[in-house]
Amino acid sequence: MALSLAISPCPNDTFVFHALVHGLVPGAPAVDVTYADVDVTNTAAERGAYDLVKVSYAALPWLLDDYHLLPCGGALGRGCGPLVLTRGDQAAGTPGSGGTPGSGGGGLADLTGATVAVPGDRTTAYLLFRLWSARRPPARIEVVPFQEIMPGVAAGRYDAGLVIHEARFTYPRYGLTALVDLGQWWEVETGLPIPLGAILARRGAVDPAEAARWIRDSVRRAWADPAGTDEYVLAHAQEMERDVVDRHIALYVNEFTAELGAEGQAAVDALLGRAAAAGLTPQISSSRATAWTS
(Lines give C-alpha, C1' and ligand atoms only; values in the text may rest on other atoms or scores of the structure.)
Protein backbone atom coordinates (compact mmCIF):
# COMPACT_ATOMS: atom_id res chain seq x y z
CA MET A 1 0.00 0.00 0.00
CA ALA A 2 1.30 3.46 -0.93
CA LEU A 3 2.30 5.96 1.73
CA SER A 4 -0.01 8.95 1.81
CA LEU A 5 1.83 12.28 1.69
CA ALA A 6 0.40 15.80 1.78
CA ILE A 7 2.58 18.78 0.88
CA SER A 8 2.01 22.19 -0.63
CA PRO A 9 2.59 22.83 -4.34
CA CYS A 10 5.20 25.46 -3.37
CA PRO A 11 8.66 25.07 -4.93
CA ASN A 12 10.41 24.34 -1.64
CA ASP A 13 8.16 21.32 -0.95
CA THR A 14 8.24 19.90 -4.46
CA PHE A 15 12.01 20.38 -4.61
CA VAL A 16 12.52 18.58 -1.27
CA PHE A 17 10.15 15.70 -2.01
CA HIS A 18 10.90 15.21 -5.72
CA ALA A 19 13.04 12.08 -5.26
CA LEU A 20 10.71 10.49 -2.71
CA VAL A 21 7.61 11.11 -4.84
CA HIS A 22 9.30 9.72 -7.95
CA GLY A 23 10.58 6.50 -6.38
CA LEU A 24 14.23 7.56 -6.42
CA VAL A 25 14.92 6.93 -2.72
CA PRO A 26 16.19 3.38 -2.11
CA GLY A 27 14.04 1.42 0.30
CA ALA A 28 11.25 4.00 0.46
CA PRO A 29 7.67 2.93 -0.27
CA ALA A 30 5.55 4.20 -3.13
CA VAL A 31 3.94 7.54 -2.34
CA ASP A 32 0.43 8.81 -3.03
CA VAL A 33 0.67 12.63 -3.01
CA THR A 34 -1.93 15.27 -2.22
CA TYR A 35 -1.07 18.92 -2.90
CA ALA A 36 -2.80 21.50 -0.72
CA ASP A 37 -2.15 24.81 1.00
CA VAL A 38 -0.90 24.48 4.55
CA ASP A 39 -4.15 25.74 6.06
CA VAL A 40 -5.86 22.72 4.45
CA THR A 41 -3.22 20.25 5.63
CA ASN A 42 -3.33 21.65 9.18
CA THR A 43 -7.01 20.76 9.32
CA ALA A 44 -6.62 17.39 7.57
CA ALA A 45 -3.88 16.36 9.99
CA GLU A 46 -6.29 16.81 12.90
CA ARG A 47 -8.28 13.95 11.35
CA GLY A 48 -5.14 11.84 10.88
CA ALA A 49 -5.74 12.00 7.15
CA TYR A 50 -2.13 11.43 5.97
CA ASP A 51 0.86 9.29 6.88
CA LEU A 52 3.34 12.10 6.19
CA VAL A 53 2.12 15.69 6.16
CA LYS A 54 3.45 19.23 5.93
CA VAL A 55 1.86 21.50 8.54
CA SER A 56 2.50 24.81 10.25
CA TYR A 57 4.64 24.70 13.38
CA ALA A 58 1.87 26.76 14.97
CA ALA A 59 -0.52 23.82 14.54
CA LEU A 60 1.64 21.34 16.48
CA PRO A 61 -0.16 21.68 19.82
CA TRP A 62 -3.25 20.13 18.24
CA LEU A 63 -1.41 17.38 16.35
CA LEU A 64 1.37 15.81 18.40
CA ASP A 65 -0.79 13.22 20.14
CA ASP A 66 -1.22 11.59 16.72
CA TYR A 67 1.99 12.56 14.92
CA HIS A 68 5.76 12.58 15.45
CA LEU A 69 7.61 15.79 14.57
CA LEU A 70 10.39 14.91 12.12
CA PRO A 71 13.78 16.66 12.23
CA CYS A 72 13.97 17.28 8.49
CA GLY A 73 12.03 18.28 5.39
CA GLY A 74 10.40 21.39 6.79
CA ALA A 75 10.86 25.14 6.36
CA LEU A 76 12.82 27.07 8.95
CA GLY A 77 15.41 29.76 8.56
CA ARG A 78 16.43 33.40 8.72
CA GLY A 79 15.28 36.24 6.52
CA CYS A 80 12.25 34.23 5.41
CA GLY A 81 9.44 35.37 7.67
CA PRO A 82 5.89 36.50 6.86
CA LEU A 83 5.20 40.10 5.88
CA VAL A 84 2.36 42.44 6.83
CA LEU A 85 1.47 44.43 3.72
CA THR A 86 -0.58 47.58 3.18
CA ARG A 87 -1.23 49.86 0.23
CA GLY A 88 1.57 52.37 -0.12
CA ASP A 89 -0.78 55.28 0.54
CA GLN A 90 -2.09 53.73 3.77
CA ALA A 91 1.13 52.66 5.53
CA ALA A 92 1.17 53.63 9.19
CA GLY A 93 3.93 53.74 11.77
CA THR A 94 7.43 52.90 10.61
CA PRO A 95 7.35 50.46 7.66
CA GLY A 96 9.51 47.42 8.13
CA SER A 97 10.60 48.41 11.63
CA GLY A 98 9.26 45.29 13.31
CA GLY A 99 9.14 47.16 16.58
CA THR A 100 6.78 46.64 19.50
CA PRO A 101 5.74 49.31 22.01
CA GLY A 102 8.64 50.12 24.26
CA SER A 103 11.05 47.86 22.39
CA GLY A 104 13.08 50.58 20.76
CA GLY A 105 12.41 48.92 17.41
CA GLY A 106 10.70 51.90 15.79
CA GLY A 107 7.16 51.52 17.15
CA LEU A 108 4.24 49.30 16.24
CA ALA A 109 2.01 50.44 13.42
CA ASP A 110 -1.53 51.07 14.62
CA LEU A 111 -3.83 48.42 13.12
CA THR A 112 -6.48 48.70 15.85
CA GLY A 113 -9.20 49.74 13.41
CA ALA A 114 -8.04 47.59 10.53
CA THR A 115 -9.34 44.53 8.74
CA VAL A 116 -6.44 42.16 8.10
CA ALA A 117 -6.50 39.22 5.67
CA VAL A 118 -4.55 36.15 6.84
CA PRO A 119 -3.85 32.81 5.10
CA GLY A 120 -5.07 30.57 7.93
CA ASP A 121 -5.94 30.71 11.61
CA ARG A 122 -3.40 28.05 12.64
CA THR A 123 -0.55 29.10 10.42
CA THR A 124 2.77 30.14 11.89
CA ALA A 125 2.37 33.46 10.07
CA TYR A 126 -0.84 34.24 11.94
CA LEU A 127 0.59 33.10 15.28
CA LEU A 128 3.56 35.44 14.80
CA PHE A 129 1.18 38.22 13.83
CA ARG A 130 -0.84 37.68 17.03
CA LEU A 131 2.31 37.76 19.16
CA TRP A 132 3.53 40.91 17.40
CA SER A 133 0.20 42.77 17.57
CA ALA A 134 -0.88 41.58 21.02
CA ARG A 135 -0.97 45.07 22.53
CA ARG A 136 -2.82 46.57 19.57
CA PRO A 137 -4.78 43.83 17.79
CA PRO A 138 -6.69 44.71 14.62
CA ALA A 139 -10.45 45.15 14.61
CA ARG A 140 -11.16 42.23 12.30
CA ILE A 141 -9.37 39.17 10.89
CA GLU A 142 -10.51 37.44 7.71
CA VAL A 143 -9.11 34.06 6.59
CA VAL A 144 -8.54 34.37 2.85
CA PRO A 145 -6.97 32.01 0.27
CA PHE A 146 -3.34 33.02 -0.04
CA GLN A 147 -3.56 34.00 -3.71
CA GLU A 148 -6.38 36.47 -2.95
CA ILE A 149 -4.61 38.44 -0.21
CA MET A 150 -2.40 40.81 -2.19
CA PRO A 151 -5.04 41.62 -4.84
CA GLY A 152 -7.54 42.18 -2.03
CA VAL A 153 -5.28 44.63 -0.18
CA ALA A 154 -4.45 46.42 -3.43
CA ALA A 155 -8.16 46.77 -4.22
CA GLY A 156 -8.97 48.10 -0.76
CA ARG A 157 -11.04 45.11 0.40
CA TYR A 158 -8.63 44.70 3.34
CA ASP A 159 -6.57 47.31 5.14
CA ALA A 160 -3.61 44.94 5.47
CA GLY A 161 -2.64 41.43 4.48
CA LEU A 162 -0.40 38.79 6.01
CA VAL A 163 1.59 36.98 3.32
CA ILE A 164 4.20 34.24 3.09
CA HIS A 165 6.57 32.52 0.67
CA GLU A 166 6.94 33.99 -2.82
CA ALA A 167 4.98 37.12 -1.88
CA ARG A 168 8.28 38.37 -0.42
CA PHE A 169 9.50 38.75 -3.99
CA THR A 170 6.33 39.92 -5.76
CA TYR A 171 4.39 42.29 -3.47
CA PRO A 172 5.77 45.53 -5.03
CA ARG A 173 3.98 44.62 -8.26
CA TYR A 174 0.69 45.20 -6.44
CA GLY A 175 1.74 48.64 -5.23
CA LEU A 176 2.01 47.36 -1.66
CA THR A 177 4.34 48.31 1.17
CA ALA A 178 5.84 45.98 3.78
CA LEU A 179 4.66 47.40 7.10
CA VAL A 180 6.60 44.79 9.07
CA ASP A 181 8.74 41.73 8.42
CA LEU A 182 7.64 39.34 11.16
CA GLY A 183 10.66 37.13 10.60
CA GLN A 184 12.97 40.07 11.24
CA TRP A 185 10.91 40.97 14.31
CA TRP A 186 11.17 37.38 15.60
CA GLU A 187 14.93 37.23 15.04
CA VAL A 188 15.46 40.51 16.92
CA GLU A 189 13.23 39.33 19.76
CA THR A 190 14.73 35.86 20.16
CA GLY A 191 17.98 35.62 18.21
CA LEU A 192 16.59 32.42 16.68
CA PRO A 193 15.56 31.36 13.19
CA ILE A 194 11.86 31.30 12.40
CA PRO A 195 10.06 27.93 12.34
CA LEU A 196 7.48 27.99 9.54
CA GLY A 197 6.51 24.53 8.25
CA ALA A 198 7.06 21.10 9.81
CA ILE A 199 6.88 17.54 8.51
CA LEU A 200 4.96 15.07 10.66
CA ALA A 201 4.78 11.25 10.60
CA ARG A 202 1.60 9.57 11.81
CA ARG A 203 2.12 7.51 14.96
CA GLY A 204 1.62 3.79 14.40
CA ALA A 205 1.59 4.16 10.62
CA VAL A 206 5.12 5.33 9.76
CA ASP A 207 8.42 4.58 11.48
CA PRO A 208 9.75 8.11 12.16
CA ALA A 209 13.41 7.09 11.87
CA GLU A 210 12.74 5.52 8.47
CA ALA A 211 10.70 8.52 7.34
CA ALA A 212 13.51 10.88 8.35
CA ARG A 213 15.98 8.78 6.37
CA TRP A 214 13.80 8.89 3.24
CA ILE A 215 13.35 12.65 3.46
CA ARG A 216 17.02 13.40 4.08
CA ASP A 217 17.90 11.23 1.10
CA SER A 218 15.35 13.08 -1.03
CA VAL A 219 16.75 16.48 0.02
CA ARG A 220 20.33 15.45 -0.73
CA ARG A 221 19.39 14.11 -4.16
CA ALA A 222 17.67 17.40 -4.99
CA TRP A 223 20.74 19.37 -3.95
CA ALA A 224 23.00 17.03 -5.94
CA ASP A 225 20.93 17.42 -9.14
CA PRO A 226 18.68 20.48 -8.88
CA ALA A 227 18.03 20.49 -12.62
CA GLY A 228 16.48 17.04 -12.28
CA THR A 229 13.67 18.55 -10.19
CA ASP A 230 12.84 21.34 -12.64
CA GLU A 231 9.96 19.79 -14.57
CA TYR A 232 8.18 18.64 -11.42
CA VAL A 233 8.75 21.88 -9.49
CA LEU A 234 7.67 24.14 -12.33
CA ALA A 235 4.57 22.04 -13.06
CA HIS A 236 3.27 22.81 -9.56
CA ALA A 237 4.61 26.35 -9.14
CA GLN A 238 1.28 28.07 -9.87
CA GLU A 239 2.66 30.08 -12.80
CA MET A 240 5.55 31.52 -10.82
CA GLU A 241 8.34 32.98 -12.90
CA ARG A 242 11.50 30.91 -13.02
CA ASP A 243 13.53 33.55 -11.16
CA VAL A 244 10.96 33.63 -8.34
CA VAL A 245 10.98 29.82 -8.15
CA ASP A 246 14.77 29.74 -7.84
CA ARG A 247 14.81 32.45 -5.16
CA HIS A 248 12.03 30.68 -3.29
CA ILE A 249 13.98 27.40 -3.16
CA ALA A 250 17.24 29.13 -2.23
CA LEU A 251 15.56 30.87 0.71
CA TYR A 252 13.41 28.09 2.15
CA VAL A 253 15.52 24.98 1.48
CA ASN A 254 18.58 25.33 3.72
CA GLU A 255 20.61 23.54 6.37
CA PHE A 256 17.57 23.24 8.64
CA THR A 257 15.75 21.33 5.91
CA ALA A 258 18.26 18.49 6.19
CA GLU A 259 18.59 18.66 9.97
CA LEU A 260 16.58 20.74 12.43
CA GLY A 261 19.43 20.54 14.95
CA ALA A 262 19.70 22.17 18.36
CA GLU A 263 19.17 25.70 17.08
CA GLY A 264 16.10 24.71 15.08
CA GLN A 265 14.63 22.84 18.03
CA ALA A 266 15.26 25.87 20.25
CA ALA A 267 13.30 27.99 17.78
CA VAL A 268 10.37 25.56 17.88
CA ASP A 269 10.44 25.52 21.69
CA ALA A 270 10.52 29.33 21.81
CA LEU A 271 7.59 29.74 19.41
CA LEU A 272 5.36 27.21 21.13
CA GLY A 273 6.41 28.34 24.60
CA ARG A 274 5.61 31.97 23.90
CA ALA A 275 2.33 31.06 22.25
CA ALA A 276 1.22 28.93 25.22
CA ALA A 277 2.30 31.59 27.73
CA ALA A 278 0.20 34.16 25.84
CA GLY A 279 -2.81 31.80 25.88
CA LEU A 280 -2.82 31.50 22.09
CA THR A 281 -2.22 27.73 21.89
CA PRO A 282 -2.53 24.79 24.29
CA GLN A 283 0.50 23.91 26.42
CA ILE A 284 2.26 20.74 25.24
CA SER A 285 4.91 18.63 26.90
CA SER A 286 8.48 19.21 25.79
CA SER A 287 8.83 15.52 24.90
CA ARG A 288 5.95 15.78 22.43
CA ALA A 289 7.36 18.93 20.85
CA THR A 290 10.87 17.52 20.42
CA ALA A 291 11.69 16.29 16.95
CA TRP A 292 12.22 12.56 16.58
CA THR A 293 15.91 11.62 16.51
CA SER A 294 17.13 8.31 15.21
Side-chain angles (χ1 to χ4, degrees), residues 6 8-10 35-47 54-63 75 80-93 95-98 100 108-186 194 196-197 238-240 271 274-275 278-282:
S8 81
C10 292
Y35 303 96
D37 289 340
V38 73
D39 191 46
V40 174
T41 60
N42 287 343
T43 301
E46 284 194 73
R47 306 190 305 269
K54 170 76 170 289
V55 299
S56 301
Y57 271 106
L60 295 191
W62 291 274
L63 302 175
C80 61
L83 304 178
V84 180
L85 303 178
T86 64
R87 292 204 311 276
D89 59 350
Q90 288 192 339
S97 68
T100 56
L108 174 64
D110 189 354
L111 294 175
T112 52
T115 296
V116 180
V118 305
D121 58 0
R122 287 189 180 172
T123 59
T124 304
Y126 183 45
L127 179 56
L128 287 168
F129 178 83
R130 294 174 77 190
L131 290 169
W132 171 75
S133 64
R135 299 187 190 182
R136 298 182 188 177
R140 180 178 173 82
I141 295 292
E142 292 192 23
V143 176
V144 176
F146 172 70
Q147 67 273 15
E148 297 177 15
I149 293 179
M150 289 191 291
V153 176
R157 290 192 294 275
Y158 316 108
D159 300 304
L162 179 63
V163 300
I164 55 177
H165 293 329
E166 68 275 4
R168 294 186 65 86
F169 312 122
T170 60
Y171 73 85
R173 301 175 187 176
Y174 294 84
L176 303 180
T177 297
L179 189 66
V180 62
D181 182 330
L182 293 176
Q184 180 185 13
W185 169 78
W186 172 261
I194 178 171
L196 297 169
Q238 299 178 341
E239 300 182 357
M240 280 188 222
L271 178 68
R274 288 180 177 226
L280 302 178
T281 65

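Computed from a predicted model, the values in this text were never measured in an experiment.
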Is the closest side-chain heavy-atom distance between [X] and [Y] below 4.5 Å?
X      : Y      : value
Tyr57  : Ile194 : no
Leu179 : Leu111 : yes
Ser8   : Val38  : no
Arg87  : Thr177 : no
Tyr171 : Leu83  : yes
Val116 : Tyr158 : no
Leu182 : Leu162 : yes
Leu176 : Val153 : yes

Between the side chain of [X] and the main-chain N/O of [Y], is any donor-acceptor distance below 3.5 Å?
X      : Y      : value
Asp121 : Val143 : no
Arg122 : Leu127 : no
Thr124 : Ala58  : yes

If I compare all heavy atoms of [X] with all of [Y], which pair ends up nearest, and what's the gap?
X      : Y      : result
Arg130 : Leu280 : NH2-CD2, 3.3 Å
Asp159 : Ala114 : OD2-CA, 3.3 Å
Pro119 : Ile149 : N-CD1, 3.8 Å
Pro82  : Ile164 : CB-CG2, 4.1 Å
Ala139 : Gly113 : CB-C, 3.8 Å
Val163 : Met150 : CG1-CG, 3.9 Å

Spacing of [X] atom [atom1] and [Y] atom [atom2] [to the nearest 0.5 Å]:
X      : Y      : atom1 : atom2 : result
Thr281 : Leu60  : OG1   : CG    : 9.5 Å
Asp39  : Phe146 : CG    : CZ    : 12.5 Å
Cys80  : Trp186 : SG    : CH2   : 12.5 Å
Thr112 : Arg135 : OG1   : CZ    : 15.0 Å

* To do: Any side-chain hydrogen bond (donor to acceptor under 3.5 Å, both in side chains) involving residues 141-157? Give me the pairs, sequence neighbours left out, ordered by first then second residue.
  => Arg140-Glu142
* Parallel, tilted or perpendicular: which describes the rings of Phe129 and Tyr126, with under 30° parallel and over 60° perpendicular? -> parallel
